Amino acid sequence: MSSNIKLTYFDFKGRGEPIRVAFAYGDVLYVDNRIQYKDWPSVKATTPLGQLPILEVDGKVYTQGFAILRYAGKKAGLYPSDELEALRVDEALQVIEESFNAKIGQSMGIQDAEEKKAFRSKLVTEVLPPYAAKLDEYCDGGYFGNSISIADIAMNEIIVWIKSGMLEDIPADFFDAYPNLTQMYKNVTEDSKLKSYFENRK
Ligand SMILES: N[C@@H](CCC(=O)N[C@@H](CS)C(=O)NCC(=O)O)C(=O)O
């Protein structure tokens, strides 16, 4: 079956994966267009801002991972209708962007191994804990809102990423100190609408 919605991202999780998870949660039909690195230079030139993810709907192109996630969340029933609950979800997303996405992303661009190690060590001991503590406080009911939302989906992907141990010098047990985030991770990974997606995803 074809769809009028096409998500284009690299063939890994990154900023594209929360969107894929949200679509899976809502059984939203879409084309999962995965770009290989070798093809990126030619694709880059065709994108609005030279970056991914992009979303095409009925031929129109949209950028910005969390904006696209919000669209996916509204379609999938993962975005609160209550204004203040939605404000908390949006706030959490912005904190995730400013902290884990931006700072870890910045560390990935450091070429010198010693410099990268020192930068990441400071992230773990000084920079990230205040953000993680605030996010943990917001998640005290097991979710950022009253039930699962795109903020949980996005944060869960950060936790899965760090727990995988793939990020050198960022300890896999970083989130063990945050009980509410740990509970949220459990809630999302065991969600009946997502279990099969998580078991089968690349
Ligand atoms: N503000 C953008 C940032 C997008 C971004 O940084 N994309 C990266 C991958 S996660 C990218 O396309 N990198 C390749 C490049 O810049 O050439 C968003 O939130 O979507």
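In listed order, ligands and their atoms are each counted from 1. Remember, it's a predicted structure, so these values are computed and weren't measured experimentally.
- Ring geometry for Phe23 versus Tyr30: interplanar angle of 30 to 60°, hence tilted.
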Check the pair Glu98 / Tyr131 against side-chain hydrogen bond (donor to acceptor under 3.5 Å, both in side chains), numbers first and verdict last. CA-CA 9 Å; Glu98 184 175 307; Tyr131 289 106; 3.3 Å; yes

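- Sorted by chain and number, the heavy-atom contacts of ligand 1 below 4.0 Å come from Tyr9, Phe10, Arg15, Trp40, Lys44, Gly50, Gln51, Leu52, Pro53, Gln64, Gly65.
- Judged by a 6.0 Å distance limit and a 45° cone about the ring axis, Arg88 is positioned over the six-membered ring of Tyr138.
- Between Tyr37 and Phe12, the ring-plane angle classifies as tilted under the 30° and 60° cut-offs.
- Judged as a salt bridge (Lys or Arg N to Asp or Glu O under 4.0 Å), the pairs with a partner in residues 142-165 (not counting sequence neighbours) are, in order, Glu157-Arg201, Lys163-Asp176.
- There is a side-chain donor-acceptor pair under 3.5 Å between Asp90 and Tyr79.
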